[in-house]
Amino acid sequence: MWNVSWLHPFSLCWRIAMFLLCVCSLAGCVPGASPPQTVVAAAATAPLAVETIALPSSDRCAGAFVTHRLDFTTGTRLREIGTYVSNGAGVAVNDLNNDGLLDIVFASVDGQSVILWNEGDLAFVTETLDARFTRGVAIVDVDADGWNDIIFTHRGLESVSYWRNLGSDNASHTLPLTLRPIFEQQSLPGIDHYAYAMAWGDVNGDGLLDLVTGSYGAELIQRGVDPPEDDPKAGVVLHVQQPDGGWRSEVLERRAETLSIAILDLDGDGQPEIWAANDFALDDKVWQRSGEVWQAIHPFAQTSYSTMTTEWGDIANNGKLALFTTDMNPYDIAPRTIAAWVPVINQLVPHHRADDVQIMSNVLLIRDGQGRWRNQATARGVDASGWSWDARFGDLDQDGYLDLYIVNGMIATDLFGHLHNSELVEENQAYRNHGDGSFVRAPQWQLGSTASGRGMVMADMDNDGDLDIVVNNLRGFAHLHENQLCSGASLQVDLAWSGSQNINAIGAQLALHTDKGILRRDVRASGGYLSGDPVRVHFGFPAEAQLDRLEIEWPDGEVSLVDATVRNSLLRVTR
């Protein structure tokens, strides 16, 4: 999967042509950043235009994260929180108005959703979007018109809602920074299945973005759909986008308690699998494509029992993918903690089948020498993090290794009525990567919020090069944890694939070659628990590291190389 392609330098004529293409086809820069610098681009098979934008480092250096309250709450309108409103809602981050700043969209289980327009320097303007009672959210350019759209899943008996970004009437697709695009709710023809979780990606390699949705049977039963699997709108469903703009839906599995969906290449053959993570005693499901048929496979010898989230990354910089899932498992065994958990655990203790692969614990799956996925969560220090929801890998301290952040907490009158305000109060957990793929808690980063987090995203929200964290909390203000560690250096990458319907190259694989090793990332638009990732890719590394080249494997298998990369910058790479 991570094969390196070598090539001879291009001729001078080609380099001049690429420079002219860059000047002609790319314009604008991040507000507040330095003017673009000229960078020479080389390509193994695909010609590129490359723009480099310097990102000034922040002078705010507290040596930790600093928490800011954002202008959004969900769950506060409800007198009582019961299951499954207690599951909360997600958050998505991406650039909605093409100004180079990442905007935020919050889903809401008890009201309208909200856009926070990024004005720079962590200043945001709030705009209400009339999308109500939403669960999950993703920001994706569905129609490949150069403007990112917003898609929600919802509470209850609803499918996804599609909010198309109308952008600007200007044919050049530029937009004054003082203006913001309008969103219009439109239909995705042919999609009407119940949707709790979703994921976006090109699953069949035709260049069109597809959608996978999963329903949540426990909530459907509350709404009178019993048994859910008898309803043709329930289940895990693959929605394949058609060239004419329509969608063809295929039910992969009728039974679903799906809290998270991942589209990723599990076996390194260049073709993505679909992984639906299920709550309760229902096993996680994985499908692999064989020709035109999706077949169920069983690659994992162990999984979480109530899988809340799916996350993945190369945590040891050795080319091996690690898969991480969260579950309910207290991070300490103090008497007060156990007393809070015991009444609920007595209700939730699983009744294992003889062939059950599930355990009530976080799971970290890594392939062994025989290619089998083995759970190494306990050995690597991340098996117990609390009543855990979303989790993300990201190089928070920019030492070249992916760290881990997990958000925790639970509020439910019918589960935790024995506690004050029916709330299990827990700290979010931050784990620093030792540099070998094992983890140690990092309380010094001051990320131990007790605000009952649900959806969460890592992204550079102030364009200073490092990763900040945005969390959608239940029954409290959302948080932005600003990274003020001021350590290491970074390179960020935006991909654009001109002429493709997958305009942001979702599914692309990136490898940054340095003298400290090879750092690997992928482009994704959705993931974790009910949340949407930015398509902008972040690489952190030690300040003294020497950068060699960036290798890009596009979703169609074409490979491009970019050399002369500049630290502390944003690369905009257009194929």
Side-chain angles (χ1 to χ4, degrees), residues 68-79 81 85 87-99 101-143 147-156 158-168 175-188 195-196 198 390 451-457 459 461-462 468-480 525-526 529-534:
H68 303 275
R69 192 176 76 176
L70 295 175
D71 184 21
F72 176 77
T73 61
T74 186
T76 56
R77 299 172 185 84
L78 301 173
R79 180 174 299 177
I81 300 288
V85 175
N87 291 13
V91 56
V93 168
N94 229 325
D95 187 353
L96 288 171
N97 59 349
N98 294 339
D99 66 351
L101 296 168
L102 300 178
D103 307 297
I104 306 172
V105 180
F106 286 107
S108 173
V109 295
D110 64 339
Q112 294 175 308
S113 303
V114 162
I115 302 173
L116 294 189
W117 293 101
N118 193 341
E119 299 287 291
D121 199 30
L122 299 184
F124 298 90
V125 174
T126 303
E127 178 182 343
T128 300
L129 191 66
D130 194 26
R132 298 173 182 269
F133 308 116
T134 49
R135 281 287 194 192
V137 56
I139 301 175
V140 183
D141 190 351
V142 176
D143 55 0
W147 298 93
N148 280 317
D149 310 302
I150 305 172
I151 305 92
F152 294 100
T153 66
H154 294 259
R155 281 178 54 192
E158 292 192 49
S159 186
V160 299
S161 63
Y162 167 48
W163 295 80
R164 187 180 176 219
N165 188 336
L166 299 183
S168 167
L175 189 70
L177 299 183
T178 55
L179 300 179
R180 301 184 186 96
I182 296 172
F183 292 87
E184 179 180 84
Q185 185 173 7
Q186 298 184 3
S187 64
L188 293 174
Y196 182 102
M198 65 176 161
D390 214 340
S452 206
R454 296 297 185 268
M456 179 260 293
V457 173
M461 300 305 304
D462 51 4
D468 309 298
I469 302 172
V470 182
V471 184
N472 193 352
N473 297 311
L474 182 63
R475 243 186 188 175
F477 282 97
H479 283 161
L480 191 155
S526 52
Y529 178 69
L530 300 179
S531 296
D533 294 294

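Looking at Tyr162, its side chain never comes within 3.5 Å of a backbone N or O of Asp149 through a donor-acceptor pair. The backbone N or O of Tyr196 lies less than 3.5 Å from no partner atom in the side chain of Arg135, so there is not a single donor-acceptor pair. A distance-only check finds no donor-acceptor pair linking the side chain of Asp110 to the backbone of Thr74 [under 3.5 Å]. Here the side chain of Asn472 pairs no donor or acceptor atom with the backbone of Leu474 at under 3.5 angstrom. Checked by atom type and distance alone, the side chain of Asn165 pairs as donor or acceptor with a backbone atom of Leu96 at under 3.5 Å. The backbone N or O of Ser452 lies less than 3.5 Å from a partner atom in the side chain of Arg454, making a donor-acceptor pair. Of the possible polar contacts, none joining the Asp71 side chain to the Thr126 backbone as a donor-acceptor pair under 3.5 Å is found. Distance alone, capped at 3.5 Å, is enough to place a donor-acceptor pair between the His154 side chain and the Arg132 backbone. The backbone N or O of Leu78 lies less than 3.5 Å from a partner atom in the side chain of Arg475, making a donor-acceptor pair. Listed for the Asn118 side chain is no donor-acceptor partner under 3.5 Å among the backbone atoms of Leu101.
More than 12 non-hydrogen atoms from other residues, nucleotides or ligands lie less than 6.0 angstrom from CZ of Arg77.
Side-chain contact between Val91 and Asp390 is absent, with no heavy atoms from C-beta onward closer than 4.5 Å. Side chains of Phe152 and Glu158 form no contact here, defined as non-hydrogen atoms less than 4.5 Å apart.
In this pair, Phe106 and Phe72 present their aromatic rings parallel. The plane angle is below 30°, not in the 30 to 60° band.
Ser531 and Asp533 are not linked by any side-chain donor-acceptor pair at a separation below 3.5 angstrom, with hydrogens and angles left out of the test.
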